[in-house]
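Notes follow once the structure below has been shown.
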Amino acid sequence: QVQLVESGGGLVQAGGSLRLSCAASGRTLSSYGMGWFRQAPGKEREFVACVSWRSGNTYYADSVKGRFTISGDNAKNMVNLQMNSLKPEDTALYYCAATSTTLYSHTYYQSNAYDYWGQGTQVTVSS
């Protein structure tokens with residue numbers, strides 16, 4: 001059983017920063033990539049950012065590009081999300097995800113491309 005555990009969420013004022021972390025535990029995970037999704041109340045889960053271990057490429061949603069940075073360690077199956085210049089619209093439950101298949105340009109943003117999910121960590125940005 002693979003478990004993804006997120007940490008680092010919290011309450012921050014608009015313009016502030018937070019750093020989310022995610023680590024895999026349990027059975028050894030051979031992932032091809034890890035990423036972050038988020039879900040705000042009343043909205044569908046949406047892609048935020050991901051990293052492909054095979055290519056080293058990172059991908060971002062347009063709404064966070066230039067403000068968020070994803071980084072990680074393939075060997076440790078850990079991924080971080082540095083979030084700067086936070087806005088109230090960034091408020092959501094943030095989920096870490098990992099995939100055991102290759103991420104492609106037409107799949108990386110789709111939640112069904114990921115096999116493993118964390119429980120989520122709440123990020124609240126006040127105005």
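Note that this is a predicted model, so its numbers are computed, not measured.
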> Where the side chain of Thr91 meets the backbone of Val125, is there a donor-acceptor pair that is under 3.5 Å apart?
Replying inline: yes

> Under 4.5 Å between any side-chain heavy atoms of Trp36 and Leu20, yes or no?
Replying inline: yes

> Is there a side-chain contact between Lys87 and Arg67 (heavy atoms, below 4.5 Å)?
Replying inline: yes

> Sequence neighbours excluded, which residues qualify as side chain to side chain donor-acceptor pair (under 3.5 Å) partners of Asn80?
Replying inline: Ser21

> Would you say the side-chain atoms of Asp73 pair up with the backbone N or O of Met78, donor to acceptor, closer than 3.5 Å?
Replying inline: no

>> Does anything in residues 88-122 form a disulfide bond (SG atoms under 2.5 Å apart)? List the pairs, not counting sequence neighbours.
In response: Cys22-Cys96

>> Checking the side chain of Arg45 only, and the main-chain atoms of Gln39 only, is there a donor and an acceptor separated by less than 3.5 Å?
In response: no

> Taking the side chain from Tyr94 and the backbone from Glu6, do they hold a donor-acceptor pair closer than 3.5 Å?
Replying inline: no

> Members other than Tyr109 in its cluster, when Ile, Leu, Val, Met, Phe, Trp, Tyr link by side-chain heavy atoms under 4.5 Å?
Replying inline: Phe37, Phe47, Tyr59, Leu93, Tyr95, Leu103, Tyr108, Tyr114, Trp117

> Would you say Asn57 and Val51 make side-chain contact, with heavy atoms under 4.5 Å?
Replying inline: no

> Are Asp62 and Lys65 ion-paired here, with the side-chain N under 4.0 Å from a carboxylate O?
Replying inline: yes

> If every non-hydrogen atom of Val123 is compared with every non-hydrogen atom of Gly9, which pair is closest and at what distance?
Replying inline: CG2-CA, 4.2 Å

> Do the side chains of Met34 and Tyr116 get nearer than 4.5 Å, heavy atoms only?
Replying inline: no

>> If you define the side chain from C-beta out and look only at heavy atoms, does anything of Tyr32 sit under 4.5 Å from Thr101?
In response: no

